[in-house]
Amino acid sequence: MVLAQNKSNDHQIYARQIAFVAAFLLPVSKFLEVPSILARFTAGDLLFPALLHLLVQSLILLAILYAACQSEKTLGERLRDTFGKGAIVFYLLFALYFLYAAALPLLDMEKYVYAAFFDTAPTTFSFGAFFLVSAYVCTKGIKAIGRSADLCLFLFLLPFLALIAMSLTDADFSNLLPFFGEDLRQSKIAFTYTAPHFSDAVLLMPLIFNLRYQKGDGKKIMTGYGVGAIFTLLFLAVFYAVFSSLAPREHYAFSKIAQYFPALKIVGRIDLIFIYLLSIVLILYTCLPLQYSTLLLGKSLNLPKKTILSAILNVLLFLFALFFNRRYNLFYHFISRETFLVFFLIADMLPLFLLFLPKNSGKTAKNNRPIKESADA
């Protein structure tokens, strides 16, 4: 997560771009299986475990930003200065975590692609094209994530708002009433069962690690995360308002939410245009932890080029998807129930360790200072 300094602005990550990742990339991961899972456990109360997740992640993100604003140096520089070569342990731990955290979104997207884009049974290797894209993306550095975030402003916002608007014709928000109509134990189960989908702060941490904090950056990033949280809660509310008691059976939610819009009978499935655009954002999101893992492994192993490492990782992930797609339910249960503490300890608790890094340089920088990627980022 540590990048070397350089004089070129071409390799800088901006707070605006981190805010766009929070607002437009992170929400789309919750538009596939999360709505049906929450509805299965909590019915009309599905907003409450989601809101609790978002509040917890907001506090963790605030802690990371507070740590970042304490010095002129980036968090990555401070970690390196404090632990020297020992920081490699930190890199390796999070490289393995991001690889582990990528497994479930990968299977979710594979199931979604097969269901939404194929009228007949797909071949065994149909999803293999994703790994060609992923292998290319994983060779890119932090600046590519920032550029993707800028692009997602357009790829996400218009399609999302269009699908929501088309869904409102069949939405009955009384389905969400009464509030707290379900047993609170069900909300607790839903909270733990969906933890893998809501570990948001840790996905922003590598970007914040390479941000030379300026006054106002924290507000931008927190505003971005708040906007993303509103999008998530709005989608969940509209989803349940449309499907009600059928919601637990409606998988791949964003591909179905607008299907009852009356005009579709006249003009055809124009909603598919918006679904395809959101699918591009979903691909970028699914590649994000894989990209982090490649960068951190390359940093840990001191590899100047990431091409071979990216190829190896994506071949292994292709084999994983090939053999585990039929064992999805078993794998999901293992991830969400048996290894829940992995997300709690590494994604939620370990970032708080950054609060104890020495400040070194004291006050926050007043001016922009560009940050360049090292050869392996």
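As a basis for the values below, the full set of heavy atoms in this structure was taken, side chains included, without hydrogen atoms, waters or symmetry mates.
Judged by distance alone, the side chain of R78 and the main-chain N or O of P358 form a donor-acceptor pair under 3.5 Å. Side chain of Q70 to main chain of Y66: a donor-acceptor pair is present (N/O by atom type, distance under 3.5 Å, no hydrogens or angles). For Q291 (side chain) and K140 (main-chain N/O), a donor-acceptor pair under 3.5 Å exists by modelled atom type. Remark: side-chain polar atoms of Y240 are not paired, donor with acceptor, to backbone N or O of L46 under 3.5 angstrom. With hydrogens and angles disregarded, no donor-acceptor distance shorter than 3.5 Å links the side chain of S199 to the backbone of F343. At least one donor-acceptor pair closer than 3.5 Å links the side chain of S71 to the backbone N or O of K73. Remark: the backbone N or O of T74 is paired with a side-chain donor or acceptor of E77 at under 3.5 angstrom. Looking only at distances, a side-chain donor or acceptor of N210 sits under 3.5 Å from a matching main-chain atom of P206. Side-chain atoms of S310 do not come within 3.5 Å of backbone N or O of T307 as any donor-acceptor pair. Looking at E182, its side chain never comes within 3.5 Å of a backbone N or O of T42 through a donor-acceptor pair.
A ring-centre distance under 6.0 Å is not found for H197 and F31. Aromatic rings from F94 and F90 are positioned such that their centres are separated by under 6.0 Å. Taking the six-membered ring for Trp and the full ring otherwise, the centers of F231 and F235 sit at least 6.0 Å from each other.
T286 places a side-chain heavy atom less than 4.5 Å from the side chain of F130. L234 has its side chain within reach of F160: a pair of non-hydrogen atoms, C-beta onward, lies under 4.5 Å apart. Side chains of I346 and V202 form no contact here, defined as non-hydrogen atoms less than 4.5 Å apart. Using a 4.5 Å heavy-atom cutoff, the side chains of S36 and H251 are in contact. Under the 4.5 Å side-chain criterion, counting only non-hydrogen atoms from C-beta, V238 is in contact with I257.
A side-chain N or O of T194 and one of H53 form a donor-acceptor pair less than 3.5 Å apart.
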Ignoring hydrogens and angles, write down the donor-acceptor pairs under 3.5 Å from the side chains of residues 266-273, residues two or more places apart or on other chains.
from : atom 1 : to   : atom 2 : distance (Å)
R269 : NE     : D271 : OD1    : 2.7
R269 : NE     : D271 : OD2    : 3.3
R269 : NH2    : D271 : OD2    : 2.8

Taking only distance into account, with no hydrogens and no angle test, what donor-acceptor pairs under 3.5 Å do side-chain atoms of residues 316-323 form with protein atoms, sequence neighbours excluded?
none

Show which side-chain atoms of residues 56-63 pair as donor or acceptor with protein atoms under 3.5 Å away, not counting sequence neighbours.
from : atom 1 : to   : atom 2 : distance (Å)
Q57  : OE1    : D200 : N      : 3.1
Q57  : OE1    : A201 : N      : 3.0
Q57  : NE2    : F198 : O      : 3.4
Q57  : NE2    : D348 : OD1    : 3.1
S58  : OG     : L54  : O      : 2.7

Exercise answer: donor-acceptor pairs, residues 15-27 side-chain atoms, under 3.5 Å, sequence neighbours excluded:
from : atom 1 : to   : atom 2 : distance (Å)
R16  : NE     : D150 : OD1    : 3.3
R16  : NH2    : D150 : OD1    : 3.3
R16  : NH2    : D150 : OD2    : 3.1
Q17  : OE1    : Y14  : N      : 3.1
Q17  : NE2    : G146 : O      : 3.4
Q17  : NE2    : D150 : OD2    : 3.1

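For residues 220-237, no pair satisfies salt bridge (charged side-chain N to carboxylate O under 4.0 Å, His left out), with sequence neighbours left out. Note on residues 157-175: no pairs pass salt bridge (charged side-chain N to carboxylate O under 4.0 Å, His left out), not counting sequence neighbours.
Not counting sequence neighbours, Y285 has no partner by the ring pair (Phe, Tyr, Trp, His ring centres under 6.0 Å) test. In terms of the ring pair (Phe, Tyr, Trp, His ring centres under 6.0 Å) criterion, F274 has no residue partners (sequence neighbours excluded). Contacts of T169 classified as side-chain contact (heavy atoms from CB on, under 4.5 Å), with partners at least two apart in sequence or in another chain: F261, P262. Residues passing the side-chain contact (heavy atoms from CB on, under 4.5 Å) test with A95, sequence neighbours excluded: S293, L296, L297. With sequence neighbours excluded, the residues forming a side-chain contact (heavy atoms from CB on, under 4.5 Å) with I88 are Y91, L92, S300, listed by chain and number.
Of the candidates L303, L295, T139, L303 is the only one forming a side-chain contact (heavy atoms from CB on, under 4.5 Å) with L309.
Atom CG of L211 is separated from atom CD1 of I64 by 12.5 Å, given to the nearest 0.5 angstrom. Within the model, atoms OH of Y112 and OH of Y252 stand 11.0 Å from one another, a figure rounded to the nearest 0.5 Å.
Following chains of ILVMFWY side-chain contacts shorter than 4.5 Å, one cannot reach F131 starting from I312, and the two form parts of different hydrophobic clusters. Hydrophobic clustering (side-chain heavy atoms under 4.5 Å, transitive across Ile, Leu, Val, Met, Phe, Trp, Tyr) keeps I335 apart from L96. The cluster map of Ile, Leu, Val, Met, Phe, Trp and Tyr, joined by side-chain heavy atoms under 4.5 Å apart, puts I230 and L157 in different clusters. Cluster membership for L158 and L277, using ILVMFWY side-chain heavy atoms within less than 4.5 angstrom, is not shared. Placement of F154 and I164 within a single hydrophobic cluster is found when ILVMFWY residues are connected by side-chain heavy-atom separations under 4.5 Å, directly or transitively.
Taking Ile, Leu, Val, Met, Phe, Trp and Tyr as members and joining any whose side-chain heavy atoms lie under 4.5 Å apart, directly or through other members, the hydrophobic cluster of F180 also contains F48, L177, F179, L184.
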D108/Y332 under side chain to side chain donor-acceptor pair (under 3.5 Å): CA gap, chis, key distance, verdict
CA-CA 10 Å; D108 279 342; Y332 190 96; over 6 Å; no

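Under a cut-off of 6.0 angstrom, the local environment of CD1 in I308 is sparse, with at most 12 non-hydrogen atoms contributed by other residues, nucleotides or ligands.
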